[in-house]
Amino acid sequence: MYAFNYHRPATARQAAGLLSKKEDAKLLAGGHTLLPTMKQRLASPAHLVDLAGCADLKGITRKGRTIVIGAMTTHAEVAASAEVREAIPGLAWLASHIGDPHVRHRGTIGGSVANNDPAADYPAACLALGATIVTNTRKIEADAFFTGLYETALEEGEIITRIVFPLASRAAYAKFRNPASRYALVGVFVAKRGPEVRVAVTGAGEGGVFRWAEGEAALRNRFAPKSLDGLKASADGINSDMHADAEYRAHLIGVMAKEAVARATGK
Ligand SMILES: Cc1cc2nc3c(=O)[nH]c(=O)nc-3n(C[C@H](O)[C@H](O)[C@H](O)COP(=O)(O)OP(=O)(O)OC[C@H]3O[C@@H](n4cnc5c(N)ncnc54)[C@H](O)[C@@H]3O)c2cc1C
């Protein structure tokens with residue numbers, strides 16, 4: 001590791017102040033992406049602003065028909081939360097299937113969403129549930145937040161403070177995971193709220209997480225696994241790599257969507 005300056009603010013406001021004053025500063029959350037990147041010299045910030053001491057960025061609360069999760073809340077905390085398990089069990093299930101115990105106890109929801117890895121799980125939940133990503137300066141709808149591979153609508157120096165998930169009448173996630181990393185080869189989160197159905201796919205898209213319009217249309221008629229019978233996602237714009245080609249991933253989108261709907265409906 002090379003030399004850098006380490007800062008440990010006590011609030012998100014202090015963190016924002018440091019980011020604006022220090023040139024070439026980067027936020028550190030769980031460090032599960034940033035530290036390996038630094039070790040490989042793919043990033044070399046002069047200042048690290050560690051959010052671990054910011055108590056205002058932690059915790060889970062139920063507010064009316066929403067669940068609000070602080071950016072520095074770990075995956076393990078989301079998985080174990082009684083509020084999340086009761087209100088959006090599919091979200092708790094998703095968190096409990098991220099990586100391994102070490103990753104779940106260090107990795108944070110804010111870090112995951114800010115990083116927008118194309119195979120990460122939370123972006124699919126945010127998009128399907130219609131979450132709002134709240135930063136120190138504004139609120140961004142999930143539809144506008146994920147803009148490409150590792151790209152988000154976040155501006156320089158902007159800090160995610162919390163994520164607001166509206167409840168759905170039915171919601172669940174299914175993923176076919178890479179057995180080595182446990183990232184999603186393909187993951188599908190489905191959510192139904194009133195007449196609205198949203199199906200979000202991670203792990204597959206060349207541009208990162210996306211909504212599967214054909215799947216949504218089929219499920220709008222009837223929210224049941226059977227509605228997806230014979231429906232296959234197009235392989236256009238789907239990733240091919242050493243783990244799976246585009247055709248295989250496209251096939252998995254239908255399979256995972258069906259499994260997620262089965263979980264959501266208990267069928
Ligand atoms: C072995 C391994 C397996 C994994 N498996 C999975 C998996 O199965 N599924 C999955 O979804 N993920 C997986 N991950 C990723 C992991 O879950 C973390 O979520 C991810 O590394 C980022 O979160 P972090 O808290 O570690 O963020 P960091 O690494 O600390 O930060 C990541 C990026 O986000 C920025 N950032 C952090 N917090 C904020 C904030 N509040 N506001 C704005 N920017 C911020 C940082 O500056 C940095 O650029 C895996 C990671 C590892 C190492």
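Atoms considered below: every heavy atom in the structure, side chains included; atoms not considered: hydrogens, waters and symmetry mates. Order of listing sets the numbers, starting from 1, for every ligand and every atom in it.
For atom 2 (C) of ligand 1, the closest heavy atom belonging to the protein is V103 CG2, 3.5 Å. Protein heavy atom at the shortest distance from atom 48 (C) of ligand 1 is L27 O, 4.1 Å. Here the heavy atom of the protein found nearest to atom 53 (C) of ligand 1 is H32 CD2, 3.4 Å. When only non-hydrogen protein atoms are considered, atom 8 (O) of ligand 1 lies nearest to R182 O, 2.6 Å. Nearest non-hydrogen protein atom to atom 27 (O) of ligand 1 is G111 CA, 3.5 Å. Closest to atom 15 (C) of ligand 1, if we only count protein heavy atoms, is Y183 OH, 3.1 Å. Protein heavy atom closest to atom 7 (C) of ligand 1, with residue, atom name and distance, is G99 N, 3.4 Å. Protein heavy atom closest to atom 42 (N) of ligand 1, with residue, atom name and distance, is I160 N, 2.9 Å.
Among all heavy-atom pairs drawn from A171 and L129, the shortest one is CB-CD2, 4.0 Å. Nearest heavy atom pair, residue V49 against residue A25, reads CG2-CB, 4.3 Å. When every heavy atom of L28 is checked against every heavy atom of G31, the shortest pair comes out as CD1-CA, 3.6 Å. Here the shortest heavy-atom pairing between A124 and A200 reads O-CB, 3.3 Å.
Annotation for ligand 1: atoms under 4.0 Å from non-hydrogen atoms of T33 are 20 (C), 21 (O), 22 (C), 26 (O), 29 (O). Annotation for ligand 1: atoms under 4.0 Å from non-hydrogen atoms of A114 are 34 (O), 35 (C), 36 (N), 43 (C), 44 (N), 45 (C). Proximity to H75 (heavy-atom distance under 4.0 Å) selects the following atoms of ligand 1: 16 (C), 17 (O), 18 (C), 19 (O). Near K26, the atoms of ligand 1 lying under 4.0 angstrom from a non-hydrogen atom of the residue are 47 (O), 49 (O). Against a heavy-atom cut-off of under 4.0 Å, G30 is close to the following atoms of ligand 1: 24 (P), 25 (O), 26 (O), 27 (O), 30 (O). Close approach of ligand 1 to A29 is summarised as follows: ligand atoms under 4.0 Å from at least one heavy atom of the residue are 25 (O), 27 (O), 30 (O), 37 (C), 38 (N). Numbered from 1 in the order shown, with element, the atoms of ligand 1 that lie under 4.0 Å from a heavy atom of S181 read 3 (C), 4 (C), 5 (N). Heavy-atom contacts of A71 reach the following atoms of ligand 1: 41 (N) (cutoff under 4.0 Å).
The stretch residues 158-174 participates, sequence neighbours left out, in these side-chain hydrogen bond (donor to acceptor under 3.5 Å, both in side chains) pairs: D121-Y173, T135-E158, T137-E158, R138-E158.
Ion pairing of E196 with K192 is absent here, as no side-chain N (NZ or NE/NH1/NH2) approaches a carboxylate O to less than 4.0 Å. Salt bridge present: K232 and E247 bring a charged side-chain N and a carboxylate O closer than 4.0 Å. A salt bridge links E216 and R211; the closest N-O separation between the charged side-chain nitrogens and carboxylate oxygens is under 4.0 Å.
R220 CZ: more than 12 foreign heavy atoms inside a 6.0 Å radius.
Note: no N/O pair closer than 3.5 Å links D100 and ligand 1 by distance alone. Checked by distance only, ligand 1 and D121 come closer than 3.5 Å through their nitrogen or oxygen atoms. The shortest N or O to N or O distance between L35 and ligand 1 is not under 3.5 Å. At least one N or O atom of T108 sits closer than 3.5 Å to an N or O atom of ligand 1.
Contact annotation: E158 has at least one heavy atom less than 4.0 Å from an atom of ligand 1.
A distance of 8.5 Å separates CG of L57 from OG1 of T11, quoted to the nearest 0.5 Å. Here I133 contributes atom CD1 and F145 contributes atom CZ; the two are 5.5 Å apart, rounded to the nearest 0.5 Å. Atom NZ of K175 sits about 13.5 Å away from atom CG of L252, to the nearest 0.5 Å. The distance from atom CD of E77 to atom OG1 of T108, rounded to the nearest 0.5 Å, is 10.0 Å. The CZ atom of R13 sits 10.0 Å away from the CG atom of N136 when rounded to the nearest 0.5 Å.
Judged purely by distance below 3.5 Å, without hydrogens or angles, the side chains of Y6 and D50 pair a donor atom with an acceptor atom.
Closest heavy-atom approach to atom 30 (O) of ligand 1 within the set G157, G31, A119: this belongs to G31. Taking all heavy atoms of L51, L34, N116 into account, the minimum distance to atom 29 (O) of ligand 1 is reached by L34.
Contacts of K175 with ligand 1, taken as heavy-atom pairs under 4.0 Å, involve the side chain alone. Counting heavy atoms closer than 4.0 Å to ligand 1, residue I98 contributes atoms from both its backbone and its side chain.
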